[in-house]
Q: 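The structure that follows is given in the form of structure tokens.
Being a predicted model, the structure only gives us computed values, none of them experimental. Lettering follows sequence order; numbering is per chain, from 1.
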Amino acid sequence: MKPTLPQGTRDFAAPTIRKREYILDTIKTVFELYGFEPLETPAIENLETVTGKYGDEGDKLIFKILNNGLDNPAKHRQAKEDFEKILQGKNVKTLTERALRYDLTIPFARYVAMNYAQLTMPYKRYQMQPVWRADRPQKGRYREFYQCDADVAGSYSLINDAELADIYLTVFKRLGIDIELKINSRKILTALAALCNGDNKMMSITVAIDKLNKIGMDKVKEELEKSGLGPRQIKIIEDYLNIRGSNEEKLGRLKTLFSNNEDGRKGIEELEFILNQLTINDSLLTIDLTLARGLNYYTGIIYEVKAKNAVMGSIGGGGRYDDLTGLFGVPNIPGVGISFGVDRIYDVMEELNLFPDKMQKGITALFFNMGKEESKFAFQQMQQLRNNGISCELYHEPAKMDKQFKYAAKKNIKYAIIIGSKEMQEQNCVVKDLAKNEQQTIALTELQNYFTK
RNA sequence: GUGGUUGUAGCUCAGUUGGUUAGAGCAUCAGAUUGUGAUUCUGAGGGUCGGGGGUUCGAGCCCCCUCAUCCACCCCA
């Protein structure tokens, strides 16, 4: 058979892994710096844990796992009946009861709901694991990709929300990516829906205005019309979308607009708090009133990160969800979190050439294989170096030096160590610096010192 | 889920209106070179042209189906 990869997945070879690790390490370091603790959860969750949390579109993208044992003849009739239900779009436990995790937030919420009694609140955890989505792959979109999440459970304090925004700024500064960090509040969107008497159309409204930058005002209005809003309602939304200016100016306009709306006032307070807490200028953190975010569970502040100078969807997103564990029967535990899209960050950094040069590691030394006796002797020398923490290897078979040099060059090895019969007799070796193309003869007793000095 | 793109050697790609034995560069291997590497020279291996079916005297090229790929929409990291 011809070997292939499943759609939307990739193998990662050494050079790629080094760069990915660089990104992961940077994020992890910052997470730890801000007091977050690691958590890992299984790749598979119960299907009912993940369904109904991401909206209708989201549910369609969940990878479901077919149950084992369906080929048992005793179950055939039942299985066929159940499959009819699947065709009608229902989930049937007897056919599938597990799914690959779709994100890290819901597993986190499940974990908190199961363990809240033991956790020190507020519980600050970070998680860096792959997630799976049955999307059609395209640029910056994979079916298996890493998310790095930091969430705080058990605190309503907006200090958390502000800190998470600060983590975004810190991580991307360390990675050298120029970003646009956009912020809004779901409460403001709720208020907008109420203001135009479209409470029940909140979803369609947010989906439509989210596209403003992409498709323009006219198309947004078209879309609003399609979802059943009248001219007067659309006018209100248009006025809202026409709010421009600095963060301060936007807040001013919002205050007038929502002076009689409780949700609106709260949303404005949230935004004001974040901006005030971080005391940074508009260019770093921008209020974006069109920012909506699709995931159903957000209730307060929402974030989205885009890379400047690169054509790529959002490389990070998050927000506050005030009753996430409520879905699992544990009420009154609020949460707020952010997510980094490692694979998209990688693509952006590759596109903008932002990875540091000396990223690729090579081992320190290659012992040349000069023959049977010589290689046995070299092997002993090599083991001594290894015992002292110097990474090295012995060429796997006797070969022409030409070949061994090329091998060393390809593998980014820094030194070649040559021990032939002459060197064996004289108890020394030739050490060649492959980058400088310089070599010297060194007594075997001095070899360790040469590398550890 | 919808629409489009591309698929030829390990990799990047040429391949004329359908016409003999499908090519190049890089990579690999061997030799010039039995102790000194990114250079050079010589030679070699490597292809069911994504897969299946059809049209034709004849298909890498045309038609149908299928798979994969990339891109856009939807949605999202």
Q: Can you say whether the rings of A:Y126 and A:F31 are parallel (under 30°), tilted (30 to 60°) or perpendicular (over 60°)?
A: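 The rings of A:Y126 and A:F31 sit tilted, inter-plane angle from 30° to 60°.
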Q: Under the ring-ring contact (aromatic ring centres under 6.0 Å, His included) definition, can you give me all pairs with a residue in residues 427-453 of chain A, not counting sequence neighbours?
A: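 Of all non-adjacent pairs touching residues 427-453 of chain A, those that pass ring-ring contact (aromatic ring centres under 6.0 Å, His included) are A:Y415-A:Y450, A:Y415-A:F451.
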Q: Enumerate the ring-ring contact (aromatic ring centres under 6.0 Å, His included) contacts for residues 427-449 of chain A, please, sequence neighbours excluded, ordered by first and then second residue.
A: none
Q: Could you go through residues 424-433 of chain A and list every donor-acceptor pair under 3.5 Å that involves a side-chain atom there, pairing it with any protein atom two or more places apart or in another chain?
A:
from	atom 1	to	atom 2	distance (Å)
A:E426	OE1	A:N428	ND2	3.4
A:Q427	NE2	A:M424	O	3.2
A:K432	NZ	A:N437	OD1	3.2
A:D433	OD1	A:A435	N	3.0
A:D433	OD1	A:K436	N	3.1

Q: If you restrict it to nitrogen or oxygen atoms, what contacts under 3.5 Å exist between nucleotides 66-72 of chain B and the protein, and what is each distance?
A:
from	atom 1	to	atom 2	distance (Å)
B:U69	OP2	A:Q7	NE2	3.3
B:C71	OP2	A:Q138	O	3.3
B:C71	OP2	A:K139	N	2.8
B:A72	OP2	A:Q138	NE2	3.3
B:A72	OP2	A:K139	N	3.4
B:A72	N7	A:Q138	OE1	3.2

Q: Using the ring-ring contact (aromatic ring centres under 6.0 Å, His included) criterion, which residues pair with A:F36? Sequence neighbours excluded.
A: none
Q: Compare the aromatic ring of A:F340 with the six-membered base ring of B:A77 and state whether they stack according to the 5.5 Å and 30° rule.
A: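 No; by the centre-distance and plane-angle rule, A:F340 does not count as stacking on B:A77.
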Q: Going by ring-ring contact (aromatic ring centres under 6.0 Å, His included), name the residues that satisfy it together with A:Y142, two or more places apart in sequence or in a different chain.
A: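 By the ring-ring contact (aromatic ring centres under 6.0 Å, His included) rule, A:Y142 matches no residue at all.
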Q: Once you apply a heavy-atom cut-off of 4.0 Å, does A:Y142 come out as touching a base, just sugar-phosphate, or nothing?
A: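 Base, at least one base heavy atom under 4.0 Å.
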Q: One character per nucleotide, please: for nucleotides 27-41 of chain B, 5' to 3', B when the base has a protein heavy atom closer than 4.0 Å, S when only the sugar-phosphate does, - otherwise.
A: SS----S-BBBB---
Q: Could you summarise the pairing of RNA chain B as dot-bracket text, marking Watson-Crick and G-U pairs under 3.5 Å with ( ) or [ ] inside the strand and | across strands?
A: ((((.((..((((.....[...)))).(((((.......))))).....(((((..]....))))))).))))....
Q: Would you please name every residue forming a ring-ring contact (aromatic ring centres under 6.0 Å, His included) with A:F405, sequence neighbours left out?
A: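 Partners of A:F405 under the ring-ring contact (aromatic ring centres under 6.0 Å, His included) test: A:F368.
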Q: Name all pairs fulfilling the ring-ring contact (aromatic ring centres under 6.0 Å, His included) condition that reach into residues 158-186 of chain A, sequence neighbours left out, sorted by first residue then second.
A: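 Those involving residues 158-186 of chain A are A:Y168-A:F340, A:F172-A:F340.
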Q: Nucleotides 42-44 of chain B: which of its N/O atoms have a protein N/O under 3.5 Å away?
A:
none

Q: Touch check for A:V342, heavy atoms < 4.0 angstrom, all strands: base, sugar-phosphate only, or nothing?
A: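 Contact class for A:V342: none.
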Q: Mind checking if A:K306 touches a base, just sugar-phosphate, or nothing, with heavy atoms under 4.0 Å?
A: nothing
Q: Applying ring-ring contact (aromatic ring centres under 6.0 Å, His included), name anything that partners A:F377, two or more places apart in sequence or on another chain.
A: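 Result, ring-ring contact (aromatic ring centres under 6.0 Å, His included) vs A:F377: none returned.
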Q: Roughly how far apart, to the nearest Å, are B:U5 and B:C70 at atom C1'?
A: 7 Å
Q: Please tell me which of A:E57 and A:S339 maps to the more 5' nucleotide of RNA chain B, matching each residue to the nucleotide holding its nearest heavy atom.
A: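 The 5'-side residue here is A:E57.
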